[in-house]
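Below: one structure, written as structure tokens.
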Amino acid sequence: MSSNRPALAASRLACRRGDRLLFKGLDFELKPGQIVWLRGPNGSGKTSLLRLLAGLSTPAEGDVTWGGVPLREAGAGWHRSLCYPAHANALKDDLSVLESLQFLARLHGHAGSEAECGEALKRVGLFSRRHAAVRTLSQGQRRRVALARLQLDAAAPVWILDEPYDALDAEGTGMLDAALSAHAARGGSAVLTSHIDLTLHEPAPTVLQLDGYRVQ
């Protein structure tokens, strides 16, 4: 894909939740190598926008495209190009750390081998806890396991992340910053929400402020 062409784009996008229109008239472009930080107050539609961009919801108006093709027509090709760890960690308390990551990997089309998932856990600093039950982990450790999916989906062109820094300590934040920087350096792009100020500097995130599109 050309570096001048948006990987993911939206035109005149509007989002409705129940009988309430959250935002409208939103134009959006996510180019290769770009990190977009989506900002806005609670209830402004940040998570709803992420779901629209991931193709999990249908916009009230406008369209979302991948490589110029509407997501409704992109089908499986789009989903193979996307990594979307949602805000919920989606881990099973009764499984081990390794088993939980293997489950997530297979659910999203990976082989989920012990070697593959073990290497991902090394990269997030949890290999030594791979046989521990998920229920014994702290919230920050659970978040790291969920974010290990980024290591498994490193080749996915687009990452969509909902509050990925939640519960992470300074070391975990540094690991995520490094993963995002490496992803951008190889031409990947990401759109994320975060209620805390980002420490990522390379590349400098582009801010998309949702307030200006809110419907009063």
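- Checking His195 against Asn42 by side-chain atom types alone, no donor-acceptor pair falls below 3.5 Å.
- No side-chain heavy atom of Cys15 sits less than 4.5 Å from a side-chain heavy atom of Leu49.
- The two residues Gln151 and Ala120 come nearest to each other via the heavy atoms CB-CB, 3.8 Å.
- With hydrogens and angles disregarded, a donor-acceptor distance shorter than 3.5 Å links the side chain of Thr193 to the backbone of Glu163.
- The other residues sharing a hydrophobic cluster with Ile196 are Ile35, Trp37, Leu147, Leu150, Trp159, Leu161, Tyr165, Leu168, Leu176, Leu180, Leu192, Leu198, Leu200, Val207, where clustering joins ILVMFWY side chains under 4.5 Å apart.
- No salt bridge links Asp166 with Arg142; every basic N to acidic carboxylate O contact stays at or beyond 4.0 Å.
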Give the C-alpha distance, both sets of side-chain angles, the deciding distance and a yes or no for side chain to side chain donor-acceptor pair (under 3.5 Å) between Arg130 and Ser96. CA-CA 7 Å; Arg130 65 193 182 281; Ser96 71; over 6 Å; no
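- Judged by distance alone, with hydrogens and angles left aside, the side-chain atoms of Gln102 form a donor-acceptor pair with the main-chain N or O of Gly112 at under 3.5 Å.
- Under a hydrophobic clustering in which Ile, Leu, Val, Met, Phe, Trp and Tyr are joined whenever their side-chain heavy atoms come within less than 4.5 Å, directly or via other members, Leu38 and Leu82 fall into the same cluster.
- The shortest distance between side-chain heavy atoms of Val145 and Leu137 falls below 4.5 Å.
- Side-chain contact, Arg129 with Thr136: a donor N or O sits under 3.5 Å from an acceptor N or O.
- Residue pairs meeting the salt bridge (Lys or Arg N to Asp or Glu O under 4.0 Å) criterion with at least one partner in residues 46-66, sequence neighbours excluded, are Asp63-Arg72.
- A salt bridge links Arg144 with Glu171: the distance from a Lys NZ or Arg NE/NH1/NH2 to an Asp or Glu carboxylate oxygen falls below 4.0 Å.
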Decide side chain to side chain donor-acceptor pair (under 3.5 Å) for Asp153 and His110; before the verdict, give the C-alpha distance in whole Å, the side-chain angles of both, and the deciding distance to 0.1 Å. CA-CA 9 Å; Asp153 275 319; His110 294 277; 2.6 Å; yes
Would you check, one step at a time, whether the test side chain to side chain contact (heavy atoms under 4.5 Å, CB included) holds for Ser189 with Lys31? CA-CA 7 Å; Ser189 55; Lys31 294 183 178 180; over 6 Å; no
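- A donor-acceptor pair is defined here as one N or O able to donate and one able to accept, closer than 3.5 Å; no such pair exists between the side chain of Arg16 and the backbone of Pro59.
- The local environment of CZ in Arg186 is crowded, with over 12 non-hydrogen atoms from other residues, nucleotides or ligands closer than 6.0 Å.
- Across every non-hydrogen atom of Leu210 and Ser44, the tightest pair is CD2-O, 3.3 Å.
- Other residues, nucleotides and ligands place more than 12 heavy atoms under 6.0 Å from the CD atom of Gln209.
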